[in-house]
Number of protein chains: 2
Amino acid sequence: MSDTTKVPLQTVERLSRYRRVLADLQDTGIESVFSHRLADLVGVTPAQLRRDLSIFGSFGNVARGYDVATLHRTIGRLLGTDQVQTLALIGMGNLGRTLLMYRGFEERGFHIGPVFDRDREKVGKVFAGRRCYALEELETVLPDFSCRMAILACGPGGLDALTARLANLGVAALLNFVPQRISAPPGVFVEDVDLSAKLEKLSFLSRR
Amino acid sequence: MSDTTKVPLQTVERLSRYRRVLADLQDTGIESVFSHRLADLVGVTPAQLRRDLSIFGSFGNVARGYDVATLHRTIGRLLGTDQVQTLALIGMGNLGRTLLMYRGFEERGFHIGPVFDRDREKVGKVFAGRRCYALEELETVLPDFSCRMAILACGPGGLDALTARLANLGVAALLNFVPQRISAPPGVFVEDVDLSAKLEKLSFLSRR
DNA sequence: CCTCTGCTGTTATTGCATTCACAGCAGGGC
DNA sequence: GCCCTGCTGTGAATGCAATAACAGCAGAGG
Ligand SMILES: NC(=O)c1ccc[n+]([C@@H]2O[C@H](COP(=O)([O-])OP(=O)(O)OC[C@H]3O[C@@H](n4cnc5c(N)ncnc54)[C@H](O)[C@@H]3O)[C@@H](O)[C@H]2O)c1
Ligand SMILES: NC(=O)c1ccc[n+]([C@@H]2O[C@H](COP(=O)([O-])OP(=O)(O)OC[C@H]3O[C@@H](n4cnc5c(N)ncnc54)[C@H](O)[C@@H]3O)[C@@H](O)[C@H]2O)c1
């Protein structure tokens, strides 16, 4: 079972997709589902779905397949999204404000708490109910929120110093929008969102 | 050489990262670089870098390594970003407007041309120099821009019909922000940007 | 001119993820 | 009660990507 070290990364990514489809099924009142059907809705093969789940245990039943509500809850527990997590946001520019207004995160159990910006013009401003703090206040403000994750939507300057400070404050995971390589402190996970790279990939693929 | 079908997907993704670092090196006036140094800056192993490049040909030189300017230009050509490409944007909500204002795309050779929205309130409005068209005008307006790629930053309703229309108009690649599975017409490449999934992945990983 | 260094391009090896295939079994039909 | 169906969970096989290892060579130094 969940041997924690032996879980393929891509399996983790698929768990999110399973969870979303299960949520939809639950909303439409469906109580149980076979791997065939679920896999089809998600867009993977039934074998892969069963394999993915089998890494964490046996949740299915030969007669009825998987219980939608139970499996949904179980995956939520596995991902750690069964309880709301508070995130810190660094950078209240165009992107930061867009993320603040996005409802989708709350629906999935992620709440953006404190917002920080280096620009003194922005500090003190309130947006979507959150006040923007100065970057210097990081050490005094962040502990009140006990964030284990942060979103980087700031400029590229001094990123390494920033991530070191965040790591010191107990932040163990970063969602990074800054198109730059981050040398993360050990134990800190970084997930890059590089839209230009995705466009370049599409450009390559669509030219045959 | 570029056998087109046999290029690992992840190699394509890394090409973007190589290109970005090469651009930085070029800006700082460095003319040539060894695989060791370049790989270090990018964050991959030298073996992987050389392997990736060797798929497309031999660009290095034992004595000086790789010529920065030449390799930068070559990768640009491989990715198809050596000339500006015009993209269509569907959805001028919070996210769409943020993307419109982002300068990073232009720097990489991607220009957002026409913008479409279903909301009649938005149609006709001008934002960041682009006028918003009605979704019904897609067939009449899009051909003028000859877009091969589009960005989906709209709501989830009627996505399949929309992608079918786009495909009919020659759009072969989609950057999709809508958290929903798209059944893309054959020949159309879809790249999903699922931020909630990334957060869930980080949540999983950071809980050991 | 010869040797020695250390880099590239490429082949061999390892490791990981996906797919295949089936044992085992719960329930339905008769 | 017994067979039959069709599902899950999983060991085995396959395919693909990353890593290691090295052949071959261009130039530096003497
Ligand atoms: N806007 C997009 O669509 C988009 C897309 C992809 C990537 N990005 C990246 O996301 C980041 C933010 O983009 P944006 O469009 O919001 O830019 P922006 O200029 O609108 O906002 C950046 C904000 O971050 C603040 N900031 C800069 N450096 C900081 C630091 N070291 N610490 C704290 N705050 C800092 C600035 O004061 C500003 O308020 C950039 O790195 C950009 O490359 C943006
Ligand atoms: N805002 C974010 O930070 C964020 C993050 C991740 C994903 N997303 C996704 O991106 C999409 C857009 O997000 P947003 O925050 O801009 O939402 P939004 O509500 O601010 O804007 C959506 C816009 O799309 C238009 N629209 C809706 N359906 C359409 C259709 N079928 N065709 C054309 N236009 C249509 C609406 O009129 C509106 O103008 C959503 O699907 C959202 O889930 C947003």
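Residue numbering restarts at 1 for every chain, and letters A, B, ... go by the order of the sequence lines. Atoms considered below: every heavy atom in the structure, side chains included; atoms not considered: hydrogens, waters and symmetry mates.
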> Can Arg181(A) and Asp192(A) be counted as an ion pair, charged N to O under 4.0 angstrom?
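So Arg181(A) does not pair with Asp192(A) through a salt bridge.
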
> Grab the CZ-C1' distance between Arg64(A) and dG28(C) for me, whole Å please.
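The distance from CZ of Arg64(A) to C1' of dG28(C) comes to 13 Å, rounded to the nearest Å.
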
> I need the CD-C1' distance between Glu13(A) and dT18(C), as an integer number of Å.
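Answer to the nearest Å: 15 Å.
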
> What's the CG-P distance between Asn61(B) and dG6(C), to the nearest Å?
17 Å

> How would you label the contact of Thr11(B) with the nucleic acid (heavy atoms, under 4.0 Å): base, sugar-phosphate, or nothing?
nothing

> Mapping Arg14(A) and Leu53(B) onto DNA chain C by nearest heavy atom, which one lands closer to the 5' end?
Leu53(B)

> So, Phe116(B) versus Tyr133(B), ring centres under 6.0 angstrom or not?
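Under 6.0 Å, so yes.
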
> Measure the distance from CZ on Phe34(B) to P on dT5(C) and round it to the nearest whole Å.
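Between P of dT5(C) and CZ of Phe34(B): 16 Å.
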
> Please check the phosphate of dT18(C) (OP1 and OP2 only) for any side-chain N or O of Gln10(A) closer than 4.0 Å.
yes

> Can you check the Leu49(A) CG to dT19(C) C1' distance for me, whole Å?
14 Å

> With a 4.0 Å cut-off on heavy atoms, is Arg37(B) in touch with a base, just the backbone sugar-phosphate, or nothing at all?
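No contact at all - Arg37(B) keeps every heavy atom at 4.0 Å or more from the nucleic acid.
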
> Under a criterion of less than 4.0 angstrom to any heavy atom of chain B, what are the 5'-terminal and 3'-terminal contacting nucleotides of DNA chain D?
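With heavy atoms of chain B under 4.0 Å away, the range is dA17(D) to dG27(D).
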
> Taking only the side-chain heavy atoms of Arg50(A) (C-beta and beyond), determine which of dT18(C), dA26(C), dA21(C) contains the nearest atom.
dA21(C)

